[in-house]
Amino acid sequence: MELAAPAFRRYLLLLAQEHLEFRLPEISSLLSLCGGKFSGEQEIRVNSPFWILNIPSEEMARGLMKRTVCAKSIFELWGHGRSEGELYASLKNYPVDKMLPYLQSDSTYKVHIHTFNKTLTQAQKIKKIDALEFLPFKGKVNLKNPEHIFWILEDYGMNPNNVPEEPFHLYFGRWIADGQRELIESYSVKKRHFIGNTSMDACLSFIMANHGRVKPNDVVYDPFVGTGGLLISSAHFGAYVCGTDIDYNTIHGLGKASRKNQKWRGPDENIRANLRQYGLEKYYLDALVADSSRPIWRKGMLFDAIITDPPYGIREATRRTGSQKEAVKSVERRYTEEIIPRHPCLKLISNCEQMLSSHTSRRLITMEKVKEFKSGSKPVAIPAEHTVLKSNACILIPCRIKMRILTCWMASICHTGDTILSVRSISVV
C-alpha cells in the first residue's frame, strides 16, 4: 500500500525589493533547512515582491520566517486573481472548513490592505474591505489586538512611471508570520562596537548565513574574518564561530579607527567585544592571525560551514605581518563562468550578482560539499589567468590566494552534505 503524498497548502510570500538575485537561493536554502523542498511547481516571478509557494505545513512556513531577511511576511493564501471578480470567485471556491476555525463568533479579526507601486485613499480601502461581506466573518472587529489578521494584497506592477488603474494581481490571505527584517536595524554596523572600512552590512551577513544553512551547534569558519561581521550573523543562529585574518592589527583591535572623529581604536575594540555586544560571546571560539593561502588546519573535517568575504583591496589595504607590503599590478578581466572556483568535491548551488555601479558588480557564490575529500584530489582545470581571486579591474588579494588552493583545502576541512561554502568575489560586468 502506497503512502499518500503530503497535502501542500498554498502560501503567499511578500518579499522586500532589495538584493533580488539573493532571494530565491535564500528561500530555497531555508526550506531545505526546515525539511522541505523547493519544487518547480512554485509560482515564482523572480523580480516580483509576491511569490506563491506550496509548503507542507504552517509550522514549516513559520520556521522559514524565523530565519529569512529577504521576506517581509507570509500568508495562507485563500484567493488569487487578476481582477476583483477572479479574486472573489477564488475565495468562494476556497474550502469553507479551512476558513471556519478563523471566523468563529468568539474570535476577533481585522483586514489590512497592502498595495505595491500604488497608494490608495482611505475611502478606496474601506470600499475594498466592504466588498468582502460574502465571506462568513462571525467574529468582532478589533483593530488594535486582533486574534486573526487578513490581508488584501494588490500588485500594480514594477513601473512607477506607468501605474495602471487596476492591479495586475490580487491576493487575499491569513497572516501567518513576519520575517526577520528587524535584524537589519538591530545589528546595524552603525551601532556596532568594533568596525572596519569594509565591515559587512547586517543584511548581507544574514543572507550569507542563510545561504550557508547555518544552524544551532554548527561550527562556522571565516578565513577572512576582518571585524567579524559574518561571525555575528552565524552566532545569532546558534553556531559556534571562529576565523582567521592576515591583518594583525584587525585581529587584535589595534591601529587607526575607522569611525569618524576617532583617531585610534579603543582598548576593547575587537571581534569578541562585537559578539559580547549582542549577547553572543558564548559562541565565539577564537580568531587567529593567519595567511589563508597557507592552510594551517590539521587533516580531517572541522567545519560545518565556511562563510567568507574575500578582500578586494579597494577600500582598505592589507599588510602581511613581518613582511613588506606586496604590490600587485592591476589586471582587467571581464566576468565569465570560468572564473568561478571549482572542485570535484564541491557542487555549485547558486551564483548571485549584486550590482555596485554601472560597470561593476560582485557575486555571492554558494557551494555544497557532495563527497569526501581525498588526498591528491585535483580541482577541475582552471585557465592560468583565472587562478587568483580578482575584483573589478585588479587582482586584489595581496597574499595571492589561488582558487585551486582555496577550494582544495576548503573541501578537505568540511563535512559532507551539511557544509555550504559562501564566497563573494568582485568582477567587471
Side-chain angles (χ1 to χ4, degrees), residues 3-78 80 151 153 171 173-184 203-218 220 233-234 236-239 304-305 307 346-352 364-370 415-422:
L3 295 176
F8 284 79
R9 288 193 176 188
R10 294 204 308 167
Y11 292 85
L12 178 68
L13 195 63
L14 175 62
L15 297 119
Q17 285 299 97
E18 64 175 341
H19 302 306
L20 300 189
E21 285 201 19
F22 295 66
R23 301 186 307 183
L24 184 57
E26 190 210 42
I27 300 302
S28 179
S29 294
L30 293 180
L31 282 175
S32 174
L33 192 62
C34 294
K37 186 178 181 181
F38 200 91
S39 68
E41 299 177 0
Q42 319 286 11
E43 297 180 33
I44 301 299
R45 290 176 290 132
V46 177
N47 293 328
S48 171
F50 302 102
W51 292 0
I52 297 177
L53 304 180
N54 297 315
I55 301 177
S57 67
E58 184 174 317
E59 181 183 2
M60 187 177 293
R62 291 183 183 276
L64 170 66
M65 301 311 288
K66 287 179 181 178
R67 290 288 302 260
T68 178
V69 292
C70 288
K72 294 181 176 180
S73 303
I74 195 167
F75 310 88
E76 183 183 48
L77 187 61
W78 287 13
H80 169 221
W151 282 50
L153 303 102
Y171 309 89
R174 178 176 63 91
W175 174 83
I176 300 295
D178 288 331
Q180 303 301 307
R181 298 285 296 171
E182 74 277 0
L183 294 178
I184 298 172
C203 184
L204 283 174
S205 295
F206 283 104
I207 287 175
M208 291 176 72
N210 285 336
H211 279 219
R213 298 197 305 219
V214 173
K215 58 186 183 297
N217 298 318
D218 277 355
V220 176
S233 59
S234 297
H236 174 82
F237 294 131
D304 297 288
I307 302 178
L346 302 176
K347 175 185 176 183
L348 180 66
I349 301 298
S350 63
N351 177 4
C352 310
L364 173 59
I365 298 170
T366 304
M367 296 180 177
E368 180 179 3
K369 185 174 178 182
V370 293
H415 296 288
T416 303
D418 292 338
T419 301
I420 298 291
L421 163 66
S422 294

Residue pair L346 / V370: nearest heavy atoms and the distance that separates them: N-CG2, 4.5 Å

Minimum-distance pair of heavy atoms, taken over all atoms of I307 and S234: CD1-OG, 4.0 Å

Shortest non-hydrogen contact between R67 and K215, atoms and distance: NH1-CA, 4.4 Å

Gap separating the CG atom of L204 from the CD1 atom of I184, nearest 0.5 angstrom: 9.0 Å

Side-chain touch I74/T68, heavy atoms, less than 4.5 angstrom: no

Side-chain (E26) to main-chain (A209) donor-acceptor, under 3.5 angstrom: no

CG on L64 to CG on L31, rounded to 0.5 Å: 5.0 Å

CA sep, side-chain torsions, deciding dist, call: C203, E18, side-chain contact (heavy atoms from CB on, under 4.5 Å): CA-CA 10 Å; C203 184; E18 64 175 341; 4.0 Å; yes

Check: E58 side chain, I176 main-chain N or O, donor-acceptor pair, under 3.5 Å: no

Heavy-atom closest pair, residues R23 and A16: NH1-O, 3.0 Å

Validation row: L13, M65 side chains within 4.5 angstrom (heavy atoms): yes

Heavy-atom closest contact (Y11 atom, S57 atom, distance): OH-C, 3.6 Å

Inter-residue atom distance I349.CD1 - S29.OG, 0.5 Å rounding: 7.5 Å

Worked verdict on F75 versus Y171 for ring-ring contact (aromatic ring centres under 6.0 Å, His included): CA-CA 10 Å; F75 310 88; Y171 309 89; 9.4 Å; no

Closest heavy-atom pair and its distance - H211, P25: CE1-CB, 3.4 Å

Gap between atom CH2 of W175 and atom CG of L14 - 0.5 Å precision: 13.0 Å

Donor-acceptor under 3.5 Å (W51 side chain, L12 main chain): no

E59 CD: over 12 foreign heavy atoms closer than 6.0 Å: no

Flag, side chain of R181 to backbone of V69, donor-acceptor distance under 3.5 Å: yes

Nearest-0.5 Å distance, CG of residue L20 to CG of residue N47: 5.5 Å

Salt-bridge criterion met for R9 and E76 (N-O under 4.0 Å): yes

Distance (rounded to the nearest 0.5 Å) between R213 CZ and T366 OG1: 10.0 Å

